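Data block below; observations after.
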Amino acid sequence: MEKKRIFLFSLVLLAIAQVFGQRDSVIVLDEVVLSDAKLLHFSKGTKVRVVNDSVYQKSGTSLTDLLRYNSNMYFKENGYGMVSSASFRGTNAQQTAVVWNGININSQLTGQTDFNTLIPGNYGDVVVRSGGGSVQYGSGAVGGTILLNDSFRFNNGWKNSLQTNYGSFNTSKLAFNTSLGKEKTSFHIGINHIASDNDYKYLGTNVRNENGAYDQFNLNANIGIILSDQQIIKLYHNTFSGDRDFSGTLTAPADENYRDLNHRSLIELSSFNERKVSRLKVGHLYERYRYFPNKQREEFSFGQANTVLANYDYKYQLKKITLNGIIDFSSIWAKGTSIENAQRNFVSGTFLFSHELSDKLSYGVNLRQEVVSDFDSPFLFSLNSSYEVAKNYTLAINASKNHRIPTFNDLYWTGAGASGNLEVLPETSWQVELGQTVAVKNIALSLNAYSITTDNLIQWRPNAQGIWMAMNVQDVSQYGLELGFDWKKKWENQNVAWESEYSFTKSIDNSTKNQLLYVPEHLLRSNVAYQYKKLVAFYQFLYNGSVYTTTDNSDSLPSYTIGNIGLDYHWPDISGIKFIFGLKVNNLFNKNYQNVAYRPMPNRNFQLQLITKF
């Protein structure tokens, strides 16, 4: 009965979108090519930051490296290159959504994304969207959302890029990207291979990271074909294969190995005219891991999940109003050593509304309802508004209700001393945010204040019989401030760019009034780059405040300051071929630091890079 209601609700929304009046302007192809129009039209009043490809070259090999120095997220790594999870605005890893071309790709098994399995260099851009986004992006979009978007460039010719890196700890990277853009066809393929012995020294000891080697392969491919003046078809594919030895700790060596495989495929058909854009997406997601407690033996535990999905998205544009109705269907199957065969089906209806009341004032109302086969899901909403108070001063506000669905591990896990819990409820969060931006000439300042309250936070704790189970045991509150600064200056042959961000974060267990684990109160990052003709110098700075490692706040990891420095030289073109040579020094001051207890991060290390474009 509920499924019928949602289906009818969605059809009504789509029908409403078709009865409104005329639109004066013509929809440009750029919007049709953009796979995630929700970000373009329905994120006004929300803090959004786009990280472009010029930054990728300066930020290591993984999404962890990129976002650590270009966002206000805190990352926990079980040793460099190992499993990496994010804390966004004081929330946990399961409350941060990762979206690939409009599709939420958080693991169906764990509910989170390992940021060391995502290679940013193959994507057109990486977008950091702060705050609640469950209406647009579904489960887990509580603290924030990371969007990975492929790009399509028509009439752009044939372009190639070959990047080779070599650095400390026998670390090597080979990345090749090729794209071909004709009048009606756009094609791109990116291939990455990264390998490292990763045997860095534990500073202050005579021990090395002896079981930290990793080997990763990533393939990203997409093609877009303009079928007619009103239709375009796009195909996306991503494959990641990883083989990692899991690092030990300061107190215990390790001989573990972990192998993971991810396939993501998506086909999208878009139809459009001067008033509307409709998109039909059909996709398949596959994830699998194998964990070897002793890599010398063949015994392993495993888990895998398949997701089949379909999405219909209809957007209608009036002169000042944008309407969008979305229907999502998904079916998920999972199995593994510690999970019995499990299945989940869900259907959702989403309505997005945006209205530009004037050149200075706009607002939006967004609604979503899901029906999930194995539990009740709450009704979600978000409200947002942006107002240009003065020529250089903009005020924004948004409020939302968001959620996180229990994972298959939460529900169905079976193992010695631990058990899933079919009675666990979805997490629900309420949040509000106020943002201000001042932009004068070459300077931009931003200030965002937010508050998040979460009900039914899911945690694994022992029950009365001593068995660890997923439970709704905790209500938490997060609140904080984020201050941003950007400055750019150009004169003659010189360019300077400086951007910084400071974050103050409180994440409180309301029952104990203690700060939650691994949430720094203070975080400051700053990036500065100077260019003179063909020479570019840059510096990355990160101050990470102390974090608690016990629930009673009795133990903590100390704060630390990290600095990276680099130099790039753009050689003069040779027969139309461009060469960029780079040198980077990470952890310049050789700081001994940890972001997970007893798991040191690398000492000072070096990286050489050569990029060839032709």
Side-chain angles (χ1 to χ4, degrees), residues 73-74 76 85-99 103-115 129-147 285 287 305 307 309 328 330 332 334 339 342 344-348 350 366-382 399-413 420-431 450-461 469-478 507 509-510 516-519:
M73 301 170 67
Y74 175 71
K76 297 186 298 179
S85 57
S87 174
F88 205 143
R89 289 186 168 180
T91 61
N92 59 39
Q94 290 85 0
Q95 294 171 321
T96 299
V98 177
V99 174
I103 302 299
N104 190 319
I105 60 171
N106 279 22
S107 170
Q108 298 296 333
L109 301 171
T110 65
Q112 66 183 69
T113 295
D114 181 353
F115 282 75
R129 183 186 189 276
S130 301
S134 288
V135 172
Q136 289 92 340
Y137 302 110
S139 174
V142 178
T145 305
I146 308 302
L147 300 107
L285 309 177
E287 59 177 291
T307 302
L309 60 93
D328 280 293
S330 288
I332 307 155
I339 299 177
R344 170 178 293 163
N345 301 298
F346 84 84
V347 57
S348 70
T350 304
N366 308 314
L367 310 172
R368 180 185 179 104
Q369 178 66 65
E370 296 179 357
V371 173
V372 186
S373 58
D374 46 358
F375 57 84
D376 294 329
S377 188
F379 177 77
L380 306 177
F381 70 87
S382 67
S400 59
K401 181 182 179 182
N402 305 281
H403 78 141
R404 180 175 83 84
I405 297 174
T407 67
F408 283 137
N409 282 6
D410 295 332
L411 297 171
Y412 303 113
W413 183 277
N421 182 4
L422 292 174
E423 302 301 320
V424 72
L425 300 174
E427 297 176 358
T428 303
S429 80
W430 303 78
Q431 55 186 283
Y450 63 87
S451 177
I452 307 172
T453 300
T454 303
D455 298 328
N456 294 322
L457 182 71
I458 300 171
Q459 283 195 335
W460 281 74
R461 290 189 176 186
M469 298 182 67
M471 301 179 184
N472 299 110
V473 295
Q474 193 177 56
D475 293 335
V476 301
S477 297
Q478 287 101 0
S507 186
D509 179 340
N510 291 328
L516 293 189
L517 304 184
Y518 292 107
V519 177

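Numbering of residues begins at 1 and proceeds along the displayed sequence. From a predicted model like this one, the values you see are computed outputs, not experimental measurements.
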Within 45° cone and under 6.0 Å: Arg89 NZ/CZ vs Tyr450 ring: yes
Residues Trp413 and Asn421: side-chain donor-acceptor under 3.5 angstrom: no
Taking side chain as C-beta onward, heavy atoms only, is Ser348 less than 4.5 Å from Arg368? yes
Do the numbers put Arg344 on top of the ring of Phe408, so that NZ or CZ is under 6.0 Å from the six-membered ring centre and no more than 45° off the axis? yes
Consider only side-chain N and O atoms of Thr454 and Glu427, and report whether a donor and an acceptor are under 3.5 Å apart. no
Between the CZ atom in Phe88 and the CE atom in Met73, the distance rounded to the nearest 0.5 Å is 5.5 Å
Return yes if some donor-acceptor pair links the side-chain N/O of Gln112 with the main-chain N/O of Gly140 below 3.5 Å, else return no. no
Could you go through the side chain to side chain contact (heavy atoms under 4.5 Å, CB included) check for Gln108 and Thr307 one step at a time? CA-CA 9 Å; Gln108 298 296 333; Thr307 302; 3.8 Å; yes
If I take atom OG from residue Ser451 and atom CH2 from residue Trp430, how far apart are they, to the nearest 0.5 angstrom? 13.0 Å
Test item: Lys76 and Ser87 side chains (from C-beta on) under 4.5 Å apart, heavy atoms: no
Nearest non-hydrogen partners of Gly138 and Glu370, listed with the distance: CA-OE2, 4.4 Å
Could you give me the CA-CA distance, side-chain angles and deciding distance for Thr407 and Leu109, then say whether side chain to side chain contact (heavy atoms under 4.5 Å, CB included) is met? CA-CA 6 Å; Thr407 67; Leu109 301 171; over 6 Å; no
Nearest 0.5 Å, what's the CG-CG distance between Asp509 and Leu516? 6.0 Å
Will you find, in the side chains of Thr428 and Asp455, an N or O donor that is under 3.5 Å from an N or O acceptor? no
Can you measure from CG (Leu380) to OG (Ser134) and round to the nearest 0.5 angstrom? 6.0 Å
For Ser85 and Ala93, work out which heavy atoms get closest and say how close. CB-CB, 3.5 Å
With a 4.5 Å cut-off on side-chain heavy atoms, are Pro426 and Ser377 touching? no
Side chain to side chain contact (heavy atoms under 4.5 Å, CB included), that's the test. Do Thr96 and Thr145 meet it? Break it down for me. CA-CA 6 Å; Thr96 299; Thr145 305; over 6 Å; no
Between Gln478 and Gly90 (side chain of the first, backbone of the second, donor and acceptor by atom type, cut-off under 3.5 Å), is there such a pair? yes
When every non-hydrogen atom of Ala470 is compared with those of Ile458, the smallest separation belongs to CB-CG2, 4.1 Å
Within the structure provided, determine whether Val424 and Met471 are in side-chain contact (heavy-atom separation under 4.5 Å). no
Do the side chain of Asn106 and the main chain of Gly111 share a donor and acceptor less than 3.5 angstrom apart? yes
I'd like to know if the side chain of Ser429 reaches the main chain of His403, judged simply by a donor and an acceptor atom lying under 3.5 Å from each other, with no hydrogens or angles considered. no
For the residue pair Asn402 and Ser400, confirm or rule out a side-chain donor-acceptor distance under 3.5 Å. yes
Locate the shortest heavy-atom distance separating Ser382 from Val135; write the atom from each residue and the value. N-CG2, 3.9 Å
Could you please spell out the steps behind the side chain to side chain contact (heavy atoms under 4.5 Å, CB included) verdict for Tyr518 and Asn92? CA-CA 9 Å; Tyr518 292 107; Asn92 59 39; over 6 Å; no
For Leu422 against Leu411, the heavy-atom pair lying closest together: CD2-O, 3.8 Å
Output yes when a side-chain donor or acceptor of Ser139 lies under 3.5 Å from a complementary backbone atom of Ile405, and no otherwise. yes
Can any side-chain N or O of Gln431 pair as donor or acceptor with the backbone N or O of Val142 at less than 3.5 Å? yes
Output for pair (Leu285 CG, Ile103 CD1), nearest 0.5 Å, gives 7.5 Å
I'd like to know if the side chain of Asn104 reaches the main chain of Tyr137, judged simply by a donor and an acceptor atom lying under 3.5 Å from each other, with no hydrogens or angles considered. yes
How long is the straight-line distance from OG1 of Thr453 back to CG of Asn510, given to the nearest 0.5 Å? 7.0 Å
Test your reading of the model: is there a side-chain donor-acceptor pair from Asn345 to the backbone of Ser373, 3.5 Å cut-off? no
Side-chain donor-acceptor pair present, Thr110, Asn409, cut-off under 3.5 Å: no
Smallest separation among heavy atoms of Arg404 and Gln94, with atom names: CD-O, 3.0 Å
